[in-house]
K.L.:
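First the structure, then my questions, so here it is.
This one's a predicted model, so the numbers in the text were calculated from it and none came from an experiment. Computation of the quantities below employed the complete heavy-atom set of this structure, encompassing side-chain atoms and omitting hydrogens, waters and symmetry-equivalent molecules.
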Amino acid sequence: MAESPRRRAVLDVLRAAPAPLGVTETAERLGVHPNTVRFHLDALVAEGLVERRAEASTGPGRPRTVYTVRPGMDRGGARGYLLLARMLLSRWTSADPAEAREQAMGTGREWGRFLVDPLPPFERPTAQRSVTRLLALLADLGFEPEPAAGAAPESASGPAPESAPGGERESASEPGPVAVGEDTPERIRLRHCPFLELAEEHGELICPLHLGLIQGALDRLDAPLTATRLEPFAEPDSCYAHLSAAGSAPRDPGKGTRR
């Protein structure tokens, strides 16, 4: 908001003024044409940064239109959400690693249950329908998912290196993949990580959270399958989530908050 230098200057003039200003007064203080100021004032009003009102008339003629900055903190400043996330994650990184991973996975499950778009009433939650809803959720979150078939990448190139973010591959400790149907992918390729910087720094927490997110979404859908493990950076540009029939991995007993 107010990214234009001229628009920012108009905002600064209004903020410094002891009383609401009209178009002409604002233009005089900036040394520009009133039409230029009027254009930027209209934009600032549309952005919700400035209020426009008519002054009470003290005589004949139309009341004067004046402008003032909307009360409240300036919402056009810089944001530091990445720093905030690092600050919050630092508490987990100082805790017991196993407990921190479990808490991260549990958080992901709860959010997966909350975020996924549930199936309509009385619609049977088949594997294919569930995967379709899961892919839609992951796409909305910025993971750029796509179904993947065939053997996992490590079968051709060896296991993912220990130096990959997250260390060991996140797993739900199941005995092995179980067929989920000819029309259902055994893996989902994630071609983008919306939390890439955090995953590179704290993969031991972010990757379990991602796995829990997928598990929670499938659980909310009462899907006949679940996510059993996540391979972080199995390929240079991709992670893989592995799917199995729901009976092949322990289900989380808590259903969490449902929309």
Side-chain angles (χ1 to χ4, degrees), residues 81 85 88 101-153 166 169-196 198-199 205-232 234-235 237-259:
Y81 294 123
L88 295 174
R101 281 196 300 272
E102 184 57 36
Q103 289 182 0
M105 190 173 294
T107 299
R109 289 191 186 111
E110 292 299 321
W111 276 98
R113 294 181 183 114
F114 174 74
L115 291 172
V116 72
D117 187 15
L119 293 169
F122 311 113
E123 183 170 315
R124 188 165 65 91
T126 65
Q128 187 174 8
R129 289 169 178 165
S130 300
V131 168
T132 297
R133 292 296 171 111
L134 175 63
L135 291 173
L137 169 63
L138 294 174
D140 287 345
L141 295 176
F143 284 97
E144 296 186 14
E146 59 183 27
R169 293 183 297 277
E170 291 305 324
S171 171
S173 304
E174 86 295 347
V178 176
V180 292
E182 293 182 0
D183 297 329
T184 307
E186 295 179 358
R187 297 178 297 139
I188 295 176
R189 182 186 182 192
L190 306 173
R191 295 181 292 114
H192 177 71
C193 178
F195 312 121
L196 181 59
L198 295 174
L205 296 173
I206 301 301
C207 295
L209 187 142
H210 287 174
L211 177 61
L213 183 78
I214 297 172
Q215 290 177 340
L218 292 172
D219 181 72
R220 172 67 177 91
L221 294 168
D222 291 324
L225 71 163
T226 189
T228 55
R229 62 190 176 101
L230 179 71
E231 286 184 83
E235 295 176 354
D237 61 348
S238 302
C239 301
Y240 282 87
H242 291 251
L243 305 178
S244 284
S248 66
R251 275 173 83 97
D252 184 61
K255 293 294 183 180
T257 303
R258 291 176 180 257
R259 290 193 295 179

K.L.:
Looking at OG of Ser244 and CZ of Arg187, how far apart are the two atoms once the value is rounded to the nearest 0.5 Å?
P.N.:
12.0 Å

K.L.:
Search all heavy atoms of Leu221 against all heavy atoms of Asp117 and return the closest pair with its distance.
P.N.:
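Looking at all heavy atoms of both residues, the shortest contact is CD2-O, 3.7 Å.
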
K.L.:
Nearest 0.5 angstrom please: Thr226 OG1 to Leu243 CG, how far?
P.N.:
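Atom-to-atom, Thr226:OG1 and Leu243:CG are 8.0 Å apart.
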
K.L.:
Between atom CD of Glu110 and atom CG of Leu209, what is the distance when rounded to the nearest 0.5 Å?
P.N.:
11.5 Å

K.L.:
Can you tell me how far the CZ atom of Phe143 sits from the CD1 atom of Ile188, to the nearest 0.5 Å?
P.N.:
11.0 Å

K.L.:
Are His210 and Ile206 close enough that some pair of their side-chain heavy atoms sits under 4.5 Å apart?
P.N.:
yes

K.L.:
Between Ser130 and Leu225, what is the shortest heavy-atom contact and its length?
P.N.:
CB-CD2, 4.1 Å

K.L.:
What heavy-atom pair brings Pro185 and Ala148 nearest, and what distance separates the two atoms?
P.N.:
CB-O, 3.7 Å

K.L.:
Can you name the closest pair of heavy atoms from Leu211 and Ala227 and give their distance?
P.N.:
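Here Leu211 and Ala227 meet closest at CD1-CB, 3.8 Å.
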
K.L.:
Testing the basics here: between Leu205 and Arg101, what is the closest heavy-atom pair and its distance to 0.1 Å?
P.N.:
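Looking at all heavy atoms of both residues, the shortest contact is CD2-N, 4.2 Å.
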
K.L.:
Can you check whether Leu115 reaches Leu141 side chain to side chain, under 4.5 Å on heavy atoms?
P.N.:
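They are in contact (side-chain heavy atoms under 4.5 Å apart), so the answer is yes.
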
K.L.:
Parallel, tilted or perpendicular: which describes the rings of Trp111 and Phe114, with under 30° parallel and over 60° perpendicular?
P.N.:
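Ring orientation of Trp111 relative to Phe114: perpendicular.
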
K.L.:
Checking side-chain contact (heavy atoms from CB on, under 4.5 Å) between Leu137 and each of Leu218, Thr132, Val116, which is the one that passes?
P.N.:
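Looking at Leu218, Thr132, Val116, the match for Leu137 under the side-chain contact (heavy atoms from CB on, under 4.5 Å) is Val116.
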
K.L.:
Write down the atom of Asp219, the atom of Arg113, and the distance for their closest heavy-atom approach.
P.N.:
OD2-NE, 3.1 Å

K.L.:
Do the side chains of Arg229 and Glu231 get nearer than 4.5 Å, heavy atoms only?
P.N.:
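Contact flag for Glu231/Arg229 side chains = yes.
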
K.L.:
For the CG atom of Leu190 and the NE2 atom of His192, what is their distance to the nearest 0.5 Å?
P.N.:
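Rounded to the nearest 0.5 Å, the CG-NE2 separation comes out at 10.5 Å.
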
K.L.:
In a table with atom names and distances, give each donor-acceptor pair under 3.5 Å that connects a side chain of residues 118-127 to protein atoms at least two apart or in another chain.
P.N.:
{"residue": "Thr126", "atom": "OG1", "partner": "Arg129", "partner atom": "N", "Å": "3.1"}

K.L.:
Can you name the side-chain contact (heavy atoms from CB on, under 4.5 Å) partners of Leu196, sequence neighbours left out?
P.N.:
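By the side-chain contact (heavy atoms from CB on, under 4.5 Å) rule, Leu196 matches Cys193, Glu200, Phe233.
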
K.L.:
Is the backbone N or O of Gln215 less than 3.5 Å from a side-chain atom of Arg109, with the two atoms forming a donor-acceptor pair by type?
P.N.:
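Checking the backbone N and O of Gln215 against the side chain of Arg109, no donor-acceptor pair under 3.5 Å is found.
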
K.L.:
Taking only residues two or more places apart in sequence or in another chain, which ones pass side-chain contact (heavy atoms from CB on, under 4.5 Å) with Asp237?
P.N.:
Arg189, Glu235

